[in-house]
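In this text, all values refer to a predicted model and were calculated from it rather than measured experimentally. Both counts, for ligands and for their atoms, begin at 1 and track the order of listing. Positions are given from 1 along the sequence. The analysis underlying the following values was restricted to heavy atoms, covering all of them including side chains, and did not include hydrogens, waters or symmetry mates.
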Amino acid sequence: MDVFQAQERIVELSELIRKHNHAYYMSDTPEISDYEFDQLLEELQKLENEFPQFAEENSPTKRVGGAITKKFETVVHRYPMLSLSNSYNREELIDFDQRVQKLAGKKVEYTCELKYDGVAIGIQYKNGQLHRAVTRGDGSKGDDITENVKTIRSVPLKLAGDYPDDFEIRGEIFYPLSVFKALNESREDIGEDRLANPRNAASGTLKMQDSKVVASRKLDCYLYYVLGEILPFKSHEENLSAATSWGFKVPKKSEKLFATYQSIEEIFEFIDYWSSGRNKLNFEIDGIVIKVNDYYLQEELGYTAKSPRWAIAYKFKAEQVETRLNEITYQVGRTGAITPVANLEPILLAGTTVKRASLHNADQIAKLDIREGDLVQVEKGGEIIPKVVGVNLSQRPPNSQPTEYISQCPECATELIRVEGEAKHYCPNETGCPTQIKGKMTHFISRKAMDIDGLGEETIEQLFEGGLIQNYADLYTLQEQDVLKLDRMAQKSVSNLLQGIENSKQIPFERVLFALGIRYVGETVSKKLAKHFKNMNAILNASLEEMTAVDEIGEKIAESLYFFLQKEEHRELINRLKSYGLQFEIVETESTQVSTIFEGKTFVVSGVFENYSRNELKKTIEDYGGKNVGSISKKTDYLVAGYKMGPAKKEKAESLGVTILSEQEFGDMLD
Ligand code: IVH
């Protein structure tokens, strides 16, 4: 492909991807499969790597992330980000309406919207390109989180249609509840604590330094407010509907996420509709926002120091009920983490019957002084699992006893341990505690790990109780005649099960590594480790320092991995799995390597670069045969130093005699 063809194809692909992105994320009418979409994106990425001069500043490949923000710059808002005055009852809304009508001297049109419970964002667009995205901060200045916001698929990078040259749009970034749930499940799966609620989680994600991680998190965003000197229309509704045509995800009238009304009664109906309907939404809301539609009237009403006089929020009360706490029980997770559970007198809350609620950990129980027999307040916020938020002390039974947290594992009676700085207690009996054993096996066979067809949690339980398996390696020694002896085991299902186990021997190394169930070694970490070490022997022989040196493997993960592999019983399990024919090395797929000039050389990439994102740089190093590591040691050959690199790194490189390359020098080496 010559230069001109490349340029043409880059433009063509960018447009095509934008169109499909819009169809998928905004209109919900995808025209091609995810696979085809990824193929287009990959083709574009390849061309941009080869012809970086044609890569657009806001190319769709930016969605994949890669840029690292070490420190988020503080930016002064062009228009302060105000809050809304809140109301909790209808009288206050009636007062608001009367004040507004008095000033207008006529019937007023209002818009009604949902009050999204996420992270407020202001995004500036210049000449149709996303220029900058800033958090609310203290209202007058916030943090520049542009690189992270660019990875959110429902935020357009480049606008369509007849947009103003320079304007800002505001909205709210949030985790769809389904995504939040999956995120927590995968965290729990590797022994991390669950995140408390979607809003805090979204806020934390947006402050991550590596935009690639943000890109993988599937945040979403609704935009609800257009600001600028020159806007096409003089009403809120018209500008929002114009924003839809520019490519923004704006709450739709057709889905009743937006409405215009002239009477307070209709507004009350909207509130009633959503106060019961909000449970069905895939995101959190905490109220309804009512705004004066007409901009002239908005101007006349003006602002107080904190909020506009032309808008008001009606806040829903957190959905809370009081019920009896019958018993506190304790659950043991796959990694041995103990979770106290409140067993409640069943009660209806936010559309579902609640029987159990999480009590989190010992500190939480002590802080609220929660006791069996208490009347407790249960709340269902963003957390999918309801939680106990308080105790009705006035109703405490006279014979009530303070809760004594368990000191032994409820499943195997082993003395529990609590590592300093961690909230949870753990059962250390990894290889003897039945719940942990079964949990580890269930993780091993799960879809993202060994994906063994015909085998589920119940069968694992049955095989374990029947004495046929003690650990996941035993799965590979199962004999048909033994399994057939178990209850409800027909010939067909046993054949399926054994075939599924046989097939799992083809599962690639990185998933086998994930399946081992090492704390903090999740899917992504497993991939990184497999890619770096290439086979299990290299990991088994690696020192703690060598593990920490792997790109993006921190101390916590490295320690967990290292000490897991130090244990004789784990080594034996791994040896057995090897002998049964599981994959313990990566199969090199077609390499994108273009040259071997960096063969055997080790690189550390640090700082921010002009022509590359950090990930592009790392990929280039690998394409030329080199290896990336996370920290500088005497084995490092080169430090590629961008601007904003910390002085400590530079000093360390100098003292160890590591060659420091500027971006320019690195480029020269490639040439
Ligand atoms: S309009 C000057 N509309 O609530 C008014 N805000 O308490 C600008 N929010 O900072 C805000 N949903 O983060 C507006 N439909 C909505 C909203 C909304 C949520 C948030 C926003 C704002 C806060 C005010």
Side-chain angles (χ1 to χ4, degrees), residues 77-88 92-93 96 100 110-124 133-143 145 149 152 154-155 167-176 197-200 202-203 206 219-228 231 235-237 239-241 243-244 248-253 255-261 267 270-271 273-275 278 281 283-295 297-316 318 381-382:
H77 291 296
R78 193 191 286 182
Y79 310 96
M81 272 176 108
L82 301 175
S83 52
L84 291 165
S85 57
N86 288 328
S87 62
Y88 293 89
E92 286 175 293
L93 292 186
F96 166 77
V100 173
Y110 297 102
T111 66
C112 285
E113 298 162 32
L114 305 187
K115 189 166 187 318
Y116 301 91
D117 195 9
V119 180
I121 191 77
I123 317 178
Q124 275 177 38
V134 184
T135 63
R136 177 191 159 91
D138 65 4
S140 64
K141 52 188 186 318
D143 288 340
I145 54 164
V149 171
I152 302 172
S154 45
V155 173
F167 71 99
E168 181 170 336
I169 191 156
R170 289 189 182 161
E172 209 87 357
I173 297 173
F174 57 86
Y175 266 116
N197 67 59
R199 192 208 25 238
N200 292 355
S203 167
L206 286 168
L219 287 163
D220 202 350
C221 177
Y222 265 120
L223 294 149
Y224 48 63
Y225 187 25
V226 189
L227 297 101
L231 296 180
S235 78
H236 178 53
E237 182 184 17
N239 280 325
L240 274 192
S241 117
T244 313
F248 289 104
K249 178 165 166 170
V250 167
K252 284 193 194 133
K253 239 182 171 171
E255 294 172 5
K256 214 172 169 171
L257 300 176
F258 185 93
T260 46
Y261 297 121
I267 294 176
F270 188 87
I271 291 176
Y273 178 84
W274 282 115
S275 82
R278 68 173 164 137
L281 290 168
F283 49 82
E284 287 261 276
I285 61 171
D286 60 348
I288 299 294
V289 183
I290 300 122
K291 300 174 185 168
V292 168
N293 193 17
D294 179 1
Y295 276 2
L297 188 52
Q298 283 191 5
E299 258 168 59
E300 262 184 80
L301 284 156
Y303 297 82
T304 70
K306 279 198 230 128
S307 53
R309 289 201 187 86
W310 45 262
I312 190 163
Y314 176 87
K315 296 264 278 191
F316 293 133

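- When only interatomic distances are considered, the shortest N/O to N/O separation between E113 and ligand 1 falls below 3.5 Å.
- By the 4.0 Å N-to-carboxylate-O rule, K249 lies close enough to D220 to be salt-bridged with it.
- Protein heavy atom in closest approach to atom 2 (C) of ligand 1: P308 CG, 3.4 Å.
- The single protein non-hydrogen atom nearest to atom 13 (O) of ligand 1 is E172 OE1, 2.9 Å, given as residue, atom name and distance.
- At a heavy-atom distance under 4.0 Å, atoms from both the backbone and the side chain of Y116 approach ligand 1.
- Between E113 and K291 there is a salt bridge, with a side-chain nitrogen of the basic residue lying less than 4.0 Å from a carboxylate oxygen of the acidic one.
- Among protein heavy atoms, atom 4 (O) of ligand 1 sits closest to K115 NZ, 3.1 Å.
- Within a 6.0 Å sphere centred on NZ of K141, other residues, nucleotides and ligands contribute 12 heavy atoms or fewer.
- No cation-pi contact links K115 to F316, judged by a cut-off of 6.0 Å to the six-membered ring centre and 45° from its axis.
- Nearest protein heavy-atom neighbour of atom 3 (N) of ligand 1: K291 NZ, 3.0 Å.
- Heavy-atom proximity to atom 6 (N) of ligand 1, evaluated over F258, F174, Y224, Y79, is greatest for Y224.
- Within the 3.5 Å criterion, the main-chain N or O of H236 finds a donor-acceptor partner in the side chain of N293.
- Contacts of V289 with ligand 1, taken as heavy-atom pairs under 4.0 Å, involve the side chain alone.
- Remark: ligand 1 atoms within the under-4.0 Å shell around heavy atoms of A120 are 13 (O).
- When atom types are taken as modelled, the side chain of D143 and the backbone of I145 share no donor-acceptor pair closer than 3.5 angstrom.
- Scanning the protein heavy atoms around atom 5 (C) of ligand 1, the nearest turns out to be L84 CD2, 3.6 Å.
- If you look at R136 next to ligand 1, the close heavy atoms, those under 4.0 Å, all belong to the side chain.
- Residue contact annotation: M81 has no non-hydrogen atom under 4.0 Å from ligand 1.
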Between F283 and Y222, does a ring pair (Phe, Tyr, Trp, His ring centres under 6.0 Å) hold up when you go through it step by step? CA-CA 11 Å; F283 49 82; Y222 265 120; 5.7 Å; yes
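- Residue N86 does not touch ligand 1, judged by heavy-atom distances below 4.0 Å.
- Contacts with ligand 1 closer than 4.0 Å are made by no heavy atom of R170, backbone or side chain.
- Two residues are said to be in side-chain contact when any heavy atoms from C-beta on lie closer than 4.5 Å; R309 and Y303 fail this criterion.
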From CA spacing to verdict: side-chain contact (heavy atoms from CB on, under 4.5 Å), I169, F248: CA-CA 9 Å; I169 191 156; F248 289 104; 3.6 Å; yes
